Trainee: 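One structure, pasted below without further comment.
Here the structure is a predicted model, which means the values were calculated and not measured. Computed over heavy atoms, backbone and side chain alike; hydrogens, waters and symmetry mates excluded.
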Amino acid sequence: MPVPSARLSTLSLAAGLGLAILAPISAHADAAAERRAILDALAEEARAADPAFSGFSAAAGETLFRTAWAGGDERTPSCTACHTEDPTAMGRNAKTGRPIEPVAVSVNPDRFTDPDEVAKQFRRDCKAVLGRACTAQEKGDYITFMAEQ
Amino acid sequence: MTRHAVSLALALSALVTAGPALADDDWIPPVTDALTMAECGDCHMAFQPGFLPARSWEAMMDGLADHFGDDATIAADKADHIRAYLTANAGDRIRAGMAREYMRWVRADGVPLRITENPAFLDEHDFRPSVWERPEVVTKSNCPACHTAAERGYYEDD
């Protein structure tokens, strides 16, 4: 039976609207999957370093974020020196004054989705704040905390 | 050629010559390379390559492991691309806008790394300490704190 053309255009309009509504959701789903993949790789690394590894902890990530470390650059004793105490707020690079987009995933869904970016940022920032490289456990804890913020 | 056409041509040529001449002391060709903009602009404003000679950019890219105290290393293919862009558009290569003024102060064998130490910069930034101490400034290299169009190459007086 031929479908009336009016019905067809209504159908395609509905389909179009459905796509428009679904698109942002699927972009978020992609971002979440990319973040999950990064966490999975870190978990594997953490397990290799410590067979007793029992998963990542948002609470430990928050402690990492708020702790004033010693050994890094004196201008950046803690993550909060640039990112502020509130991960959902805009930050400012304490050395250059450059504004920094919020780290919290809720306000910045693209955070922790590009493995190269994540590796680069941890390499730079852990050296500047902790004065050493972060462990896979610490990186995973941090991302887990920020994913809930 | 009609009289109108002649006067239009004259007016246009006046515009063309007056434009860059007027802007020369507060404009420099902006960064047009997306990767340079993204990577250099990650931690600070991506400074226009015209502020330093090519040999300075070579030294800068050679020293990313200790970039003013920070580890700014990036993947080798990205670094190569950025090095090529910065050196091709360096002040001693383009000689346009403010690059001319900044290059005047660089010795033939000089390899400056800090744009903020060029006398051309210092002459324009002879402020009392309270200006530098404004919370949004943080450091002298934070151009956009005062020059809101700095990233587009415009350094109009604030």
Trainee: Test side-chain contact (heavy atoms from CB on, under 4.5 Å) on A:Lys120 and B:Ile74 and set out the steps.
Mentor: CA-CA 7 Å; A:Lys120 181 180 77 177; B:Ile74 53 172; 4.1 Å; yes
Trainee: Looking at A:Lys127 and B:Asp70, does any basic side-chain N land under 4.0 Å from a carboxylate oxygen?
Mentor: no
Trainee: State, yes or no, whether a side-chain contact exists between A:Lys95 and B:His44 at a heavy-atom distance under 4.5 Å.
Mentor: no
Trainee: B:Trp105 and B:Met60: same hydrophobic cluster, using ILVMFWY side-chain contacts below 4.5 Å?
Mentor: no
Trainee: So, the side chain of A:Arg98 versus the backbone of B:Gly41: is there a donor-acceptor pair under 3.5 Å, distance only?
Mentor: yes
Trainee: Indicate the atoms forming the closest heavy-atom contact of A:Asn93 with B:Val138, along with that distance.
Mentor: O-CG1, 4.3 Å
Trainee: Tell me if the CZ atom of A:Arg66 is crowded by more than 12 foreign heavy atoms within 6.0 Å.
Mentor: yes
Trainee: Please confirm whether the backbone N or O of A:Thr96 pairs with a side-chain atom of B:Thr139, one donor and one acceptor, at under 3.5 Å?
Mentor: no
Trainee: Quick one: do the B:Thr73 and A:Arg123 side chains pair a donor with an acceptor below 3.5 Å?
Mentor: yes
Trainee: Would B:Phe68 end up clustered with B:Met45 when hydrophobic side chains under 4.5 Å apart are linked, directly or stepwise?
Mentor: yes
Trainee: If you count heavy-atom pairs within less than 4.5 Å of chain B, which of A:Cys82, A:Ala94, A:Gly97 leads?
Mentor: A:Gly97
Trainee: Side chain from CB out, backbone as N, CA, C, O: work out which of these in A:Glu101 comes under 4.5 Å of a heavy atom of chain B, or both, or neither.
Mentor: neither
Trainee: Taking the side chain as every heavy atom from C-beta outward, state whether B:His67 and A:Arg124 have any pair of such atoms under 4.5 Å apart.
Mentor: no
Trainee: If Ile, Leu, Val, Met, Phe, Trp and Tyr residues are connected whenever their side-chain heavy atoms lie under 4.5 Å apart, and connections chain through other members, are B:Ile94 and B:Val31 in the same group?
Mentor: no
